[in-house]
Amino acid sequence: MTSPARPPGAGEPLHRGQLTGTAADVAPTLLHKVLVAGERSGRIVEVEAYEGGDDPASHAFRGRTPRNGIMFGPAGHLYVYFTYGMHWCANVVCGSRGEARAVLVRALVPLTGLEAMRGARPAATRDRDLCNGPAKLCQALGITGADNGLDLLAGDSAIMLLDDGVPPPRTPGNGPRVGISVATERRMRWWVENEPCVSR
DNA sequence: CTTTGGATCGTCT
DNA sequence: GACGATCCAAAGG
């Protein structure tokens with residue numbers, strides 16, 4: 001009995017219990033999970049952990065504000081923020097309620113909806129440049145502030161986080177986070193080694 | 001190939 | 001009023 005090949009971008013939503021640990025615990029487990037936005041989807045190949053009140057680099061370090069409120073809610077929701085006057089970035093909220101931990105999704109391998117992604121990102125000359133950065137992948141998938149707070153684990157959400165059976169790498173790359181000026185000694189960035197779609 | 005600086009505006013001090 | 005959890009084009013080697 002041969003089962004048919006699973007369509008690209010298909011899978012089951014993660015269980016919320018998989019996201020209740022610290023951001024540093026959860027982040028590397030999200031490698032190879034699939035982020036889906038309508039017909040567009042990609043496999044996560046680079047992430048960063050932000051630990052809320054324990055982490056000077058986190059948006060939640062100085063407490064709850066109108067912008068970061070979603071981070072203080074339940075795990076599995078999407079935290080989208082606007083930065084540098086023009087870019088959106090997407091996080092998966094994790095930890096327990098009130099802890100404001102989150103994992104920034106930094107890069108994807110495009111799986112489906114490539115034509116829509118190319119249309120959304122005319123600056124990308126190669127397909128590997130469609131989603132190889134936190135703001136690029138939001139542009140490619142059409143994620144904006146309007147999506148802030150969505151439940152990524154609900155079957156009817158416009159944006160979902162799926163497990164299609166591909167396990168995380170046994171030994172991911174690990175190093176300092178990108179683009180921050182504090183807590184730079186913490187090695188809380190993880191990526192899939194030898195993967196062309198990783199940023200930088 | 002690497003380095004540099006401009007774009008652009010919401011958010012918090 | 002200052003500063004980004006960034007990207008890209010242009011300039012330089």
Side-chain angles (χ1 to χ4, degrees), chain A residues 19 22-28 30-31 33 35 37 40 42 44-73 75 77-95 99-110 117-150 152 159 161 172-192 196-200:
Chain A
L19 300 176
T22 67
D25 286 337
V26 169
L30 296 186
L31 293 174
K33 297 296 185 290
L35 190 63
R40 311 177 216 182
I44 297 172
V45 291
E46 183 183 357
V47 292
E48 281 178 0
Y50 289 87
E51 302 289 13
D54 303 330
D55 182 358
S58 170
H59 288 167
F61 182 60
R62 289 180 168 80
R64 185 170 188 155
T65 68
R67 172 172 74 153
N68 66 24
I70 294 298
M71 296 178 82
F72 288 79
H77 286 242
L78 182 67
Y79 167 52
V80 183
Y81 68 89
F82 185 67
T83 192
Y84 291 104
M86 64 190 87
H87 296 308
W88 298 101
C89 294
N91 295 251
V92 178
V93 174
C94 61
E99 292 182 335
R101 306 183 196 277
V103 176
L104 172 68
V105 183
R106 287 195 57 89
L108 307 173
V109 176
M117 292 190 197
R118 294 180 192 118
R121 281 188 44 69
T125 56
R126 306 168 301 178
D127 285 349
R128 72 170 49 161
D129 297 320
L130 287 171
C131 300
N132 63 342
K136 295 178 187 178
L137 71 91
C138 284
Q139 204 179 346
L141 296 194
I143 298 173
T144 72
D147 301 306
N148 188 38
L150 283 182
L152 295 168
I159 303 174
L161 184 59
N174 173 239
R177 294 174 290 188
V178 174
I180 57 172
S181 54
V182 293
T184 51
E185 76 287 353
R186 299 196 191 186
R187 298 170 63 85
M188 299 219 286
R189 172 175 171 247
W190 290 267
W191 63 89
V192 177
C197 293
V198 166
S199 73
R200 181 163 83 185

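Note that the structure is a prediction, hence the values are computed from the model and not measured.
Across the protein-nucleic acid pair, A:Arg177 atom CZ and C:dT6 atom C1' stand 16 Å apart, rounded to whole Å. As rounded to whole Å, 15 Å separates atom C1' of B:dC9 from atom OH of A:Tyr81. The interatomic distance linking A:Leu137 (CG) with C:dC7 (C1') rounds to 13 Å, in whole Å. When rounded to the nearest whole Å, the span between CD1 of A:Ile143 and P of C:dT6 equals 16 Å. Per the geometry, CG belonging to A:Asp129 stands 8 Å off P belonging to C:dC8, to the nearest Å. Here the C1' atom of nucleotide C:dG4 and the CH2 atom of A:Trp88 are 14 Å apart, to the nearest Å. The CG atom of A:Leu130 sits 14 Å away from the C1' atom of C:dC7 (whole-angstrom rounding). When the C1' atom of C:dT6 is taken as reference, atom CZ of A:Arg121 falls 11 Å away, rounded to whole Å.
Between A:Ser181 and A:Ala123, the residue anchored closer to the 5' end of DNA chain C is A:Ser181, taking for each the nucleotide with the nearest heavy atom.
Across all strands shown, C:dA5 has no partner, as no Watson-Crick or G-U wobble contact with both distances under 3.5 Å is found. Across all strands shown, the partner of B:dT3 is C:dA10, judged by Watson-Crick or G-U wobble contacts whose two distances both fall under 3.5 Å.
Looking at A:Glu99, its side chain never comes within 3.5 Å of a backbone N or O of A:Gly52 through a donor-acceptor pair. A donor-acceptor pair under 3.5 Å is absent between the side-chain atoms of A:Asn148 and the main chain of A:Gly145, judged by distance alone.
Between A:Glu48 and A:Trp191 the shortest side-chain heavy-atom distance does not fall below 4.5 Å. By the 4.5 Å heavy-atom criterion applied to side chains, A:Asp54 and A:Arg101 are counted as neighbours. No side-chain heavy atom of A:Leu104 sits less than 4.5 Å from a side-chain heavy atom of A:Arg177. The closest side-chain heavy-atom distance from A:Arg106 to A:Val178 is below 4.5 Å. A 4.5 Å side-chain heavy-atom check between A:Arg187 and A:Pro176 finds at least one atom pair inside the cut-off. For the pair A:Ser199 and A:Arg189, the minimum side-chain heavy-atom distance is below 4.5 Å.
Between A:Ala37 and A:Ile159, the shortest heavy-atom contact is CB-CG1, 4.1 Å.
The aromatic rings of A:Trp88 and A:Phe82 sit tilted relative to each other, their planes meeting at an angle between 30° and 60°.
As judged by a 4.0 angstrom heavy-atom cut-off over every strand, A:Leu104 is placed among the base-contacting residues.
OP1 or OP2 of C:dT6 has at least one side-chain nitrogen or oxygen of A:Arg106 nearer than 4.0 Å. In terms of phosphate contacts, A:Arg189 brings no side-chain nitrogen or oxygen within less than 4.0 Å of OP1 or OP2 of C:dA5.
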Please tabulate the protein-to-nucleotide N/O contacts below 3.5 Å involving nucleotides 1-7 of chain B, giving atom names and distances.
none

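At a non-hydrogen distance threshold of 4.0 Å, A:Arg62, A:Thr65, A:Pro66, A:Arg67 from residues 58-68 of chain A come into contact with DNA chain B.
Stacking of A:Phe82 onto the six-membered ring of B:dG10 is not present when judged by under 5.5 angstrom between centres and under 30° between planes.
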